[in-house]
Colleague: 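Sharing a structure here in structure tokens format.
Computed over heavy atoms, backbone and side chain alike; hydrogens, waters and symmetry mates excluded. Residue numbers count from 1 along this sequence. Computed from a prediction, not measured in an experiment: that's the story for all the values here. For ligands, and for the atoms within them, numbers begin at 1 and follow the listed sequence.
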Amino acid sequence: METILSIKNLHKRYGYVHAVNNVSLEIQKGNVYGILGPNGSGKSTTLGIVLNVVNKTSGEFSWFDGKMDTHEALKKVGAIIERPNFYPYMTAKENLELVCKIKGINYSKVQEKLELVGLMERKDSKFRTFSLGMKQRLAIASALLNDPEILILDEPTNGLDPQGIHQIRDIIKFIASQGTTILLASHLLDEVEKVCSHVLVLRKGQILYSGRVDGMTANEAFFEVCSDDNLVLKTALENHPSVEKVVEEKGKLLTYVNQDLSASDLNRFLFEKGISLTHLVKKKNSLEEQFLEITKNHPSKN
Ligand code: ADP
Ligand code: MG
């Protein structure tokens, strides 16, 4: 697995505000990561630090396995962390061509990226005539001009109408399906569930959960299991009537079940099939409820 970004024990203090409190995250190539948390939980600060626009207080982060310095690495990163801003009296095409000129990118990329974000028909319209959703899509096209390894988006759907939100989410999913790694910050649980494969949940700068999105939202318990032969184990698990799905992660099989099944029942079932486990842990996840509770106490200002 290729590591795009590795964050270790990151801290940021603004006076007495501990904006980022011991955050760690490994970003692997090809996944879609969400940083989820209510307003003020430290999402933008975390993104700002790894993009070198905010100074960390302590901790480490490294891009691309530390093979290059941050300045070089950031040339392979496409990021939108502020409201998109282009020249209002220039067209969409002209604005993107200007970006190409500055960054030394071939102009042929302009058409490709305008198509990707569905703005080809409006390429000759002036930026000032664009809706907020179109501006945001143009910003995404711009960030993708140099085919970055990773696209970073801070609250990509904020302020958009439902149709605009839907378009942006579809574009993000499409970009991800093409193999681009994505990191996005959002205060919307629903958005992260729909778009991301992995999530870091923050509250007051601290990690509440880190892992797969399906692990976070599982209503029922799930098991972490391993044996010497996970392939045989997976088949056996999938044949158990209570098992909904089995996801492999870091050599462990995350087994989601649809009804109350005890660890000893599962163990017996597998033992009877001639499988002995090297690892069996039952986990219960009520994070979704916790998250809804948190956001209720910190209403969105947006
Ligand atoms: P989020 O993006 O999750 O809404 P932020 O990272 O913007 O959260 O903010 C985290 C905390 O840090 C908040 O308490 C915020 O008020 C504080 N903060 C952010 N930027 C600054 C700054 N430049 N100066 C002082 N405090 C800041
Ligand atoms: Mg923010």
Colleague: We want to know whether Asn106 and Ser108 form a side-chain donor-acceptor pair, criterion being a heavy-atom distance below 3.5 angstrom.
Modeller: yes
Colleague: Hey, are the side chains of Leu261 and Phe269 touching, using non-hydrogen atoms and a 4.5 Å cut-off?
Modeller: no
Colleague: Counting backbone and side-chain atoms alike, does Ser44 have an N/O/S atom under 2.8 Å from the Mg ion (ligand 2)?
Modeller: yes
Colleague: Measure from atom 2 (O) of ligand 1 to every heavy atom in Gly37, Ser44, Gly15, Pro38 and give the option owning the shortest one.
Modeller: Ser44
Colleague: Looking at atom 19 (C) of ligand 1, is any protein heavy atom nearer than 4.0 Å to it?
Modeller: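 So atom 19 (C) of ligand 1 has protein heavy-atom neighbours under 4.0 Å.
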Colleague: Grab the two heavy atoms, one from Ala143 and one from Pro148, that are nearest each other, plus how far apart they are.
Modeller: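 Shortest heavy-atom contact: O-CG, 3.4 Å.
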Colleague: So does Glu155 pair up with Lys43, basic N to acidic O under 4.0 Å?
Modeller: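 Salt bridge flag = yes for Lys43 with Glu155.
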Colleague: Under the side chain to side chain donor-acceptor pair (under 3.5 Å) criterion, do Glu191 and Thr157 qualify, and how do the steps go?
Modeller: CA-CA 9 Å; Glu191 177 153 292; Thr157 61; 2.6 Å; yes
Colleague: Distance to 0.1 Å, residue and atom name: give those for the protein heavy atom nearest to atom 4 (O) of ligand 1.
Modeller: Gly40 N, 2.7 Å
Colleague: Pull out every atom of ligand 1 sitting under 4.0 Å from any heavy atom of Asn39, numbered as shown with elements.
Modeller: 4 (O)
Colleague: Any chance the side chains of Thr70 and Asn52 put a donor and an acceptor closer than 3.5 Å?
Modeller: no
Colleague: Does the protein place any heavy atom closer than 4.0 Å to atom 16 (O) of ligand 1?
Modeller: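 It does not: no protein heavy atom is found less than 4.0 Å away from atom 16 (O) of ligand 1.
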Colleague: Nearest protein heavy atom to atom 3 (O) of ligand 1, by residue and atom, and its distance?
Modeller: Lys43 NZ, 2.8 Å
Colleague: Mark up the atoms of ligand 1 that fall under 4.0 Å of a heavy atom belonging to Ser41, in ascending order.
Modeller: 1 (P), 3 (O), 8 (O)
Colleague: Has ligand 1 got any nitrogen or oxygen that is less than 3.5 angstrom from a nitrogen or oxygen of Ala19?
Modeller: no
Colleague: Who's the nearest protein heavy-atom neighbour of atom 8 (O) of ligand 1, and how far?
Modeller: Gly42 N, 3.2 Å
Colleague: N/O to N/O below 3.5 Å, does that happen between Val17 and ligand 1?
Modeller: no
Colleague: Among all protein non-hydrogen atoms, which one is nearest to atom 23 (N) of ligand 1, and what is the separation to 0.1 Å?
Modeller: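 Result for atom 23 (N) of ligand 1: Tyr14 CE2, 3.6 Å.
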Colleague: Are Lys109 and Asp147 close enough for a salt bridge, meaning some N to O gap below 4.0 Å?
Modeller: yes
Colleague: Applying side chain to side chain donor-acceptor pair (under 3.5 Å), run through Ser44 and Asp154 and close with a yes or a no.
Modeller: CA-CA 7 Å; Ser44 298; Asp154 194 358; 2.6 Å; yes
Colleague: So, do Trp63 and Met68 sit near enough that their side-chain heavy atoms are less than 4.5 Å apart?
Modeller: no
Colleague: Taking 4.0 Å as the limit for heavy-atom contacts, which would you say applies to Thr45 with ligand 1: side chain only, backbone only, both, or neither?
Modeller: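 Near ligand 1, Thr45 shows its backbone as well as its side chain.
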